[in-house]
Amino acid sequence: MEKGQVIISIGREYGSGGHYIATKLAEKFSLPLYDSNLMSDLASEKNLYLHKLKKYDEVPKKRLFSRTVNGYSNSPEENVANLQFDYLRTKAAEGNSFVVVGRCSEEILAEYDGLIKIFILADMQHKIDLVKNIERISAKSAENLIHQMDKKRKTYHNYYCKGKWGDSRNYDLCLNSTTLGLDDSVEFIADYVRRRMNK
Amino acid sequence: MLPQVIAVAIFILMFGLIISEKVERHIVTLGCGLITLVVLFGLCMRNAEVAMATLNIRSIFTIGFWYSAGAAEEGSSGINWATIIFIAGMMIMVEGMARVGFFRWLCMSIARLVKYKTIPIFVTFMLMSAVLAMFIDSITVILFLAAVTVELGRLLKFNPVPMILSEIFCANLGGSATMCGDPPNIIIGTSLGYTFADFIKNTGVIALVSLVAVVIYFYFVFKKFLTENSDSIDISNMPNPKEAITNKAGFIIHTFIFLLAVVLLVTHAMTGLTVAFIGTFIALLTLIVSGKHALSLLLKADYKTLLFFIGLFVVVGGLEQTGILEIIAEFIGKISGGNIRLMIAIIIWMSAVASAFIDNIPFAATMVPVIRSLAETQGVGLDVLAWALSMGTDIGGNATPIGASANVVGTSVAAKNGHPIGWGTYCKYLVPPTVVVLIISTVIIWFRYL
């Protein structure tokens, strides 16, 4: 590990405010944030079509429509996921510190001592309220969307990782953002990160 | 009845496990092959003779396996060792060629020859893909072509996806032209005793007519994507093809070995040398000239694919020995009502649809005894059915991204370089030419042979 390197990995349930927390942590520690913007970086670095890559961001592999030959997979989802993993590995290997949202980062960057693995969850009603307001949809639709998105994230994660998505044993800290609220959750995690950095 | 049920159950289990990709496919076929030998032949049929016939090891120690005055026909059932030995030999030869930089040199030389103009590269790469795939496995052809296409796309600022899609199609089409181009053809040729010349004169002609049609199709469909940035590119900084060559003397020797393999294959009906002999000879030659690299070449050979074949042939042997394949043949004969044209259409289109979704190698291995039985019982020429099966399995695989190995490797190379190709894009451009080539194949077979 590069001296002082810190990588904050934020896994999250849909509607738990995980992305908001990650953004605030990145601001607080003046670190770059890697979320779906990672695709833009990849596209501009390699001169690629961003819209084609974004389509497959954190999308689970369609097993029935995929085949692997000598280690080569036709699955665009799998190949795009591996592109992102390689990008994150390169950034970490260069000694960079950053905040990363999802993308199996708690496992693919596990070899780095500076990795802090956090999972954000929330009560269902809290998640429904948040999604309802952001997406401007009914409570029922919000609940359906939450189930759908969490299922997608879980399938995506569990295909590439040995540890299961949301299983507390895979993370340093699992926090229910409902209890403290989003901003206090940010403060709480920031305090934890500082303590870890000083260890 | 019980042996038939067990044979079908093992076959379905094997296919299911291959599709699920939970276990590596060579372990699946070897495991199912072992179940066939122990449970089906041993416990259920209690017939050691059948097990020995399926293992077919004795055939390797016959003169006819290595040298045959006429066309060499493998044992009627079980492991097709000629296919396995030939594929192993070609794998080693191809590894030797790749080590000295042959494929990259060839691609870069052709690009330079056409002055790095996008459309001429597009057309020549399609033709090169088809010609190389006539003699070399399509996975290797696409692996190198797609990688160079992506690199050229970056340098010349064009979208490599249309070019890779057309290369994939042409590799599968080129593979259908010869006995050694595609694994189903090797299986059909060695099992039924057809020569390289037989394939060239029959499937080769169909492939050539089809190639003209698909080059025209791809030209008109993809032209607009490939002319976007054709101007203002400085070609003086393009990579020199010679830089691809890692060892000049080795390059000359391995190119000579490749040409020798082509000559031996083309003339094998005249010389009497079987494909098993040619595969072994070429592999030994490659290993001898590779010196200290010989061991690494041997280790690079794709043993998993060879093991996959061995297990697969045993499982298909189980279906054959229990008479299941004869039942399928009878069924095809029945639904075609003795109409040979309909029977041929069924073979081509059924093989094509199946190969579009499942591995065409097990399908071809299963269908060879079926067409043999059909020829015996329905009075239709075995060769006609063989060409129909060959075109159906080789071309049908083009229709989907998972239909053939070249499709998987080509789309994977594109995606690894940031150009993901989904089912929608793939099928939109490659289903129409697949249908066109299948129609061409059906019509030529109908009117040429009936």
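So that the names make sense, note that chain A is the first sequence line, chain B the second, and so on, each numbered from 1.
The shortest heavy-atom contact between I361(B) and P184(B) is CG1-CD, 4.5 Å. Looking at every heavy atom in both residues, Y156(A) comes nearest to P60(A) through N-CB, 3.8 Å.
Interface remark: A404(B) contributes backbone atoms only to the contact with chain A (heavy atom separation under 4.5 Å). Only the backbone of S66(A) comes within contact range of chain B, judged by heavy atoms closer than 4.5 Å. For K416(B), the parts lying under 4.5 angstrom from a heavy atom of chain A are both the backbone and the side chain. For N82(A), no part sits under 4.5 Å from any heavy atom of chain B, backbone or side chain. The contact between Y56(A) and chain B is made entirely by side chain atoms (from C-beta outward), counting heavy-atom distances below 4.5 Å. Neither the backbone nor the side chain of I18(B) comes within less than 4.5 Å of any heavy atom of chain A.
When each of V80(A), L64(A), N70(A) is scored by its heavy-atom pairs under 4.5 Å with chain B, the top score falls to N70(A). Contact count against chain A (heavy-atom pairs under 4.5 Å) is highest for I421(B) among I421(B), T305(B), V413(B).
Ion pair K61(A)/E77(A) not flagged as a salt bridge, since none of the NZ, NE, NH1 or NH2 atoms sits closer than 4.0 Å to an Asp/Glu carboxylate oxygen.
Here the side chain of D182(B) pairs no donor or acceptor atom with the backbone of N185(B) at under 3.5 angstrom.
A 4.5 Å side-chain heavy-atom check between E13(A) and F119(A) finds at least one atom pair inside the cut-off.
Taking the six-membered ring wherever Trp is involved, the centroid distance between the rings of F102(B) and F144(B) does not fall below 6.0 Å.
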